[in-house]
Amino acid sequence: MNTLGYCPSGTRLHPNPTEFEAGIFMAAYGSTAQRRRRALAISLLTAKHTARGLLFSWPAYVLALAVFHSQQLHALAYLLLLVPALILSVVILVRGVRDDYRRSVQHVLLPSRFARALLWPPAP
């Protein structure tokens with residue numbers, strides 16, 4: 001009986017494993033190679049979500065840059081209005097990275113070539 005479940009980016013432990021299977025899985029999960037792959041996964045997910053955010057909200061960043069370089073006094077008020085938008089953008093970025101990490105990386109044994117499945121998961 002196979003106790004490893006399918007995950008696009010790697011292999012996940014089945015919900016009801018024996019103690020032996022869980023021990024072997026956790027030993028492999030805690031290995032140095034897996035920790036490095038998880039660190040790389042976080043970096044890749046951050047880059048992916050940052051690129052998406054920049055593509056989606058680039059007008060706000062261009063407007064903030066234009067206001068920042070303006071010499072008029074009321075431009076500071078516009079810049080202060082953009083601060084909540086930028087904070088919201090960062091919050092959305094962090095939540096997206098966290099959700100993708102939980103779905104595709106947490107408690108998953110990542111193979112050596114996991115990046116493609118992580119960045120472009122197959123359609124369900």
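The side-chain heavy atoms of Val90 and Leu86, taken from C-beta on, include no pair separated by under 4.5 Å. Annotation: side chain of Arg37 is in contact with side chain of Ser112 (closest heavy-atom distance under 4.5 Å).
The side-chain tip of Arg38 does not point at the ring of Phe114 from less than 6.0 angstrom away and within 45° of straight on.
Here the straight-line distance linking atom CZ of Arg98 with atom OG1 of Thr46 works out to 13.0 Å at 0.5 Å rounding. Note that the OG1 atom of Thr18 and the CD1 atom of Ile24 stand 9.0 Å from one another [nearest 0.5 Å].
A donor-acceptor contact closer than 3.5 angstrom is absent between the side chains of Ser31 and Gln34.
When hydrophobic clusters are built by joining Ile, Leu, Val, Met, Phe, Trp and Tyr residues whose side-chain heavy atoms come closer than 4.5 Å, directly or via intermediates, Met26 is grouped together with Leu109. Each of Leu88 and Leu55 belongs to its own hydrophobic cluster when Ile, Leu, Val, Met, Phe, Trp and Tyr are linked at side-chain heavy-atom distances under 4.5 angstrom. With hydrophobic clusters built from ILVMFWY side chains whose heavy atoms lie under 4.5 angstrom apart, Leu93 shares a cluster with Leu118. Hydrophobic cluster membership differs between Tyr101 and Val91, with clusters built from Ile, Leu, Val, Met, Phe, Trp and Tyr side chains linked at under 4.5 angstrom.
In terms of heavy-atom proximity, Lys48 sits nearest to Pro121 at NZ-CD, 4.4 Å. The two residues Leu13 and Ala22 make their nearest non-hydrogen contact at CD2-CA, 4.0 Å. A pairwise comparison of heavy atoms in His49 and Asp100 identifies NE2-OD2, 2.7 Å as the closest pair. Here the closest non-hydrogen pair linking Val105 and Leu45 is CG2-CD1, 4.5 Å. What you find for Arg12 and His107 is that their closest heavy atoms are CG-O, 3.7 Å. Heavy-atom minimum distance, Leu44 versus Ala115: CD1-CB, 3.7 Å.
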Exercise for the section: Determine, stepwise, if the pair Val108 / Thr11 fulfils side chain to side chain contact (heavy atoms under 4.5 Å, CB included). Expected result: CA-CA 5 Å; Val108 173; Thr11 309; 5.6 Å; no

